[in-house]
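For reference, the structure discussed in these notes is given below.
Note: hydrogens, waters and symmetry copies are ignored here, and every other heavy atom, side chains too, is used. Start at 1 with the first residue, then count along the sequence.
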Amino acid sequence: MATRHEYEMALVLEKTRTFYSQPGSTYQSSSWASRVMASAGGGPRAAGYSTSSISTDEPVVSADWLHSNLREPDLKVLDASWYMPDEQRNAIQEYQVAHIPGALFFDLDGISDRTSNLPHMLPSEEAFAAACSALGVENKDGVVVYDGKGIYSAARVWWQFRAFGHDKVWVLDGGLPRYRALGYDVESSASGDAILKASAASEAIEKIYQGQTVNPITFKTKFQPHFVWTLDQVKKNMEDKTYQHIDARSRARFNGTAPEPRKGLRSGHIPGSKSVPFTQMLDSSQTLLPADELKKQFEQEGVSLDSPIMASCGTGVTACILAMGLHRLGKMDVPVYDGSWTEWASQPEFPVEDSLSSA
């Protein structure tokens with residue numbers, strides 16, 4: 001039986017059958033990747049600097065840079081917009097209405113572990129490789145991910161690519177809102193090719209989890225387990241305190257004074273964790289704060305940048321924004337607890353703290 005997102009994708013596909021594919025670029029790259037670091041504060045690079053050797057010290061690229069490099073053939077742009085159920089926003093429909101020219105839709109819920117009852121858990125290596133191959137992403141490509149809020153769900157996809165060994169990935173700083181605010185044009189309809197690829201990615205995931213073979217596989221993965229924490233690792237860390245545990249949810253949710261948006265979940269936080277709301281990583285235009293300001297945000301919450309850190313949130317999305325902030329500060333190996341609060345709080349035997357119990 002088709003899932004909700006697969007049904008929506010089918011509807012979108014039906015509506016867009018009359019659109020034609022956009023012609024691809026035919027000229028050679030002027031080494032767009034050599035200019036990533038100039039945009040992100042890394043200084044200019046010599047012409048011909050290859051994508052395989054550029055630094056990925058910065059997790060973001062600017063809207064100005066992306067607009068200037070959209071037509072480079074070794075650049076893939078992904079719209080990874082995703083919204084909480086109570087926001088009542090449809091990411092696929094919004095992608096159709098307005099997206100960055102040439103961007104493909106990355107379905108965060110669809111490209112996930114189909115064996116888990118938790119939302120958008122990291123898929124298997126084989127499944128992620130199949131989905132990326134269906135989208136046309138190759139290992140030689142640089143990938144820029146954006147979303148409709150600024151920096152939100154795009155951070156999760158940035159983390160996913162890195163967890164599967166693809167470091168040439170950046171988040172668009174400020175996302176689609178920033179891109180549009182600068183006056184850059186967007187496309188108001190998806191090409192048939194783009195919708196077919198998005199649908200094919202979802203179908204590829206489904207086939208993999210049904211034990212079927214998917215070909216061709218043009219994107220190779222190399223899983224980096226140190227980026228992904230399990231419930232057992234969090235339990236162990238609660239005892240030995242090797243890693244500082246930071247929680248990206250709002251202060252009210254952390255303190256247990258606001259209900260969880262997912263029904264039936266207990267309120268509060270994992271014992272020993274510290275509250276660092278993801279919004280503290282961003283400025284008013286939803287762009288990532290400069291390094292010196294990020295450092296202050298962590299320090300004021302009692303987080304030492306000299307010791308190991310791991311991050312969690314509600315469902316493993318906004319924790320990745322904390323990982324981005326720490327990445328800018330040179331901590332590039334921050335793990336994310338994939339199941340996060342949704343997994344922990346649904347286990348009645350696991351301890352929970354709130355503002356009263358931890359006072």
Side-chain angles (χ1 to χ4, degrees), residues 5-6 8-17 19-25 29 32-33 51 61 63 66-67 69-83 90-112 120 123 127-149 152-161 164 166 168-172 175-176 179-180 184-206 214 216-219 221:
H5 72 267
E6 288 170 336
E8 290 172 349
M9 195 77 77
L11 286 178
V12 172
L13 179 59
E14 184 64 32
K15 291 176 183 176
T16 55
R17 287 187 188 280
F19 290 116
Y20 295 95
S21 302
Q22 298 295 322
S25 300
S29 169
W32 67 266
T51 58
V61 293
L66 179 60
H67 179 259
N69 291 278
L70 271 181
R71 293 183 62 83
E72 298 296 347
D74 54 351
L75 171 67
K76 295 294 191 301
V77 182
L78 303 177
D79 182 328
S81 298
W82 174 88
Y83 304 104
N90 186 305
I92 298 172
Q93 288 182 1
E94 289 189 20
Y95 165 79
Q96 274 195 289
V97 172
H99 59 270
I100 291 174
L104 296 168
F105 185 75
F106 187 102
D107 184 357
L108 191 63
D109 282 331
I111 302 176
S112 64
H120 44 253
F128 191 80
C132 288
S133 298
L135 287 171
V137 179
E138 300 179 30
N139 296 94
K140 68 178 178 60
D141 293 329
V143 178
V144 174
V145 193
Y146 74 88
D147 61 58
K149 294 183 95 169
Y152 188 63
S153 51
R156 169 78 182 186
V157 177
W158 168 83
W159 170 79
Q160 285 185 333
F161 271 96
F164 286 119
H166 189 82
K168 293 180 291 183
V169 58
W170 297 268
V171 169
L172 175 61
L176 186 62
Y179 192 88
R180 300 189 74 172
Y184 295 132
D185 290 338
V186 295
E187 289 181 340
S188 58
S189 63
S191 72
D193 180 58
I195 297 299
L196 281 169
K197 284 181 176 178
S199 182
S202 184
E203 290 172 6
I205 288 270
E206 195 66 38
V214 175
I217 299 298
T218 57
F219 184 86
T221 57

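Applying side chain to side chain contact (heavy atoms under 4.5 Å, CB included) to Leu78 and the options Tyr146, Phe105, Phe161 leaves one that passes, Phe161.
A donor atom on one side chain and an acceptor atom on the other are not found under 3.5 Å apart for His99 and Asp79.
For the atom pair OG of Ser81 and CD1 of Ile92, the computed distance is 11.0 Å after rounding to the nearest 0.5 Å. Distance check, rounded to the nearest 0.5 Å: NE2 of His166 to SG of Cys132 gives 8.5 Å. To the nearest 0.5 Å, atoms CH2 (Trp170) and CG (Leu75) are separated by 9.0 Å. In this structure, the separation between OH on Tyr179 and CG on Asp185 is 7.5 Å, given to the nearest 0.5 Å.
For Lys149, the side chain to side chain contact (heavy atoms under 4.5 Å, CB included) criterion is met by Tyr83, Glu87, Arg89, Asp147, Tyr152, not counting sequence neighbours. The side chain to side chain contact (heavy atoms under 4.5 Å, CB included) search around Ala129 returns Ile217, Thr221, not counting sequence neighbours.
Between Lys76 and Asp141 there is a salt bridge, since a side-chain N of the basic residue sits under 4.0 Å from a carboxylate O of the acidic one.
Of all the heavy atoms in Ser112 and Asp109, the pair that sits closest is OG-O, 2.6 Å. Residues Glu187 and Pro101 share a closest heavy-atom pair of CD-CA, 3.4 Å. For Asn139 against Thr218, the heavy-atom pair with the smallest separation is OD1-O, 3.6 Å. Contact between Gln160 and Ile111 at its shortest, heavy atoms only, is NE2-O, 4.2 Å. Smallest separation of non-hydrogen atoms from His120 and Leu108: CB-O, 3.5 Å. Shortest non-hydrogen contact noted between Tyr95 and Ala103 is OH-O, 2.7 Å.
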Practice problem: Tell me, with the steps shown, if His67 and Tyr184 meet side chain to side chain contact (heavy atoms under 4.5 Å, CB included). | Solution: CA-CA 7 Å; His67 179 259; Tyr184 295 132; 3.3 Å; yes
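The closest side-chain heavy-atom distance from Leu172 to Ile100 is below 4.5 Å. Contact of the Lys168 side chain with the Val143 side chain is not registered, since no non-hydrogen atoms from C-beta on lie closer than 4.5 Å. Taking 4.5 Å as the limit, every side-chain heavy atom of Val157 sits out of range of all side-chain heavy atoms of Val171. A heavy-atom distance below 4.5 Å is not found between the side chains of Ile205 and Val214. You'll find the side chain of Val145 stays beyond 4.5 Å of the side chain of Trp159, heavy atoms only.
The closest donor-acceptor contact from the side chain of Ser202 to the backbone of Ser199 lies at 3.5 Å or more, if one exists at all. Looking only at distances, no side-chain donor or acceptor of Arg156 sits under 3.5 Å from a matching main-chain atom of Ala80. Checking side-chain atoms of Asn69 against main-chain N and O of Glu72 turns up no donor-acceptor pair under 3.5 Å.
The aromatic rings of Phe128 and Phe164 sit parallel to each other, their planes meeting at less than 30°, with 60° as the upper class boundary.
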